[in-house]
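Remember, it's a predicted structure, so these values are computed and weren't measured experimentally.
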Amino acid sequence: MKPVYVLNGPNLSRLGTREPDVYGAQTFADLAALCRDTGRELGLSVDVRQTDDEAEMLGWLHEAADGRIPVVLNPAAFTHYSYALRDAAAQRTAPLIEVHISNPAAREEFRHTSVVASVATGTIAGFGLRSYVLALQAIAESAE
């Protein structure tokens, strides 16, 4: 099975309790199970990770680039300001799909800019946890 990293940034471990009106009631454990189950259906071996530490996220992106491993990336707050994350994502050697549970463009103005989008293969946002399913489907169908 083809390996895929599903990398999640700050506060995503708080799913289910953090702003459920925005992010829903499902937990991070639910998200991880959904990604692994979807991956199995698509012939992907999904490794789901979450960190609040920018340096750790950078290391995971470097690991993915070195191993030519596709990435589903929810950069969370890093989306809007982390040029270090953007530069690490730009080193990708396989598809990298930026995902968001909510639609950042429909939220506060500071969320409207993604420094990652310009180096991602694509962006999927606003479909709740289904955003991850759509991203995994895109990776499974990718010829890149």
Side-chain angles (χ1 to χ4, degrees), residues 1-16 18-19 22-24 26-144:
M1 294 207 309
K2 178 180 184 177
V4 175
Y5 289 171
V6 175
L7 306 180
N8 295 277
N11 298 310
L12 284 160
S13 64
R14 309 281 300 157
L15 285 176
R18 178 186 176 217
E19 299 178 84
V22 174
Y23 300 106
Q26 293 178 294
T27 67
F28 185 76
D30 296 332
L31 168 63
L34 174 65
C35 289
R36 286 191 297 269
D37 292 346
T38 300
R40 269 192 298 280
E41 292 171 12
L42 297 170
L44 305 172
S45 174
V46 176
D47 182 356
V48 182
R49 303 176 186 183
Q50 187 280 326
T51 187
D52 296 329
D53 184 327
E54 187 175 20
E56 186 170 36
M57 180 69 80
L58 296 174
W60 293 342
L61 288 170
H62 296 161
E63 182 182 319
D66 291 347
R68 299 187 175 281
I69 298 168
V71 173
V72 173
L73 174 64
N74 186 337
F78 297 145
T79 302
H80 315 294
Y81 68 87
S82 178
Y83 295 108
L85 188 71
R86 180 253 178 242
D87 290 348
Q91 298 173 46
R92 68 183 183 82
T93 56
L96 185 145
I97 310 292
E98 178 186 9
V99 299
H100 298 282
I101 294 168
S102 67
N103 179 358
R107 298 188 58 202
E108 303 93 338
E109 188 173 336
F110 76 90
R111 298 185 194 275
H112 295 181
T113 299
S114 169
V115 299
V116 175
S118 66
V119 297
T121 306
T123 301
I124 300 171
F127 296 98
L129 299 189
R130 181 131 176 85
S131 294
Y132 290 83
V133 172
L134 296 169
L136 289 167
Q137 289 171 338
I139 285 175
E141 296 170 8
S142 176
E144 186 177 348

Under the criterion side-chain contact (heavy atoms from CB on, under 4.5 Å), I'd like the reasoning laid out for Arg49 against Thr51: C-alpha separation, chi angles, the key distance, then a yes or no. CA-CA 7 Å; Arg49 303 176 186 183; Thr51 187; over 6 Å; no
Asp47 and Trp60: side-chain contact (heavy atoms from CB on, under 4.5 Å), yes or no, with the steps? CA-CA 11 Å; Asp47 182 356; Trp60 293 342; over 6 Å; no
Can you check side-chain contact (heavy atoms from CB on, under 4.5 Å) on Leu31 and Gln50, steps first, answer last? CA-CA 11 Å; Leu31 168 63; Gln50 187 280 326; over 6 Å; no
Give the C-alpha distance, both sets of side-chain angles, the deciding distance and a yes or no for side-chain contact (heavy atoms from CB on, under 4.5 Å) between Thr38 and Val46. CA-CA 9 Å; Thr38 300; Val46 176; over 6 Å; no
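The heavy-atom pair separating Cys35 from Val6 by the smallest distance is SG-CG1, 4.1 Å. Of all heavy-atom pairs between Ser102 and Ala125, the closest is O-CB, 3.7 Å. Counting all heavy atoms, side chain and backbone alike, Met57 lies closest to Leu73 at SD-CD1, 3.8 Å.
With rounding to the nearest 0.5 angstrom, the CG atom of Leu136 is 10.5 Å from the CD atom of Glu41. Interatomic distance, CG of Asp52 versus CZ of Phe78, reported as 7.5 Å (0.5 Å rounding). Between Glu141 atom CD and Leu42 atom CG the span is 8.0 Å, to the nearest 0.5 Å.
Within 6.0 Å of the CZ atom in Phe28, the count of heavy atoms belonging to other residues, nucleotides or ligands exceeds 12.
Of the candidates His100, Glu98, Arg86, Ser114 forms a side-chain hydrogen bond (donor to acceptor under 3.5 Å, both in side chains) with just one, namely Glu98. Shown are Leu7, Ile101, Ile124; of these, the side-chain contact (heavy atoms from CB on, under 4.5 Å) with Asn74 is made only by Ile101.
Although no hydrogens or angles enter the test, the distance criterion places a donor-acceptor pair under 3.5 Å between the side chain of Ser131 and the main chain of Phe127. Judged purely by atom type and a 3.5 angstrom limit, Thr121 has no side-chain atom pairing as donor or acceptor with the backbone of Ile97.
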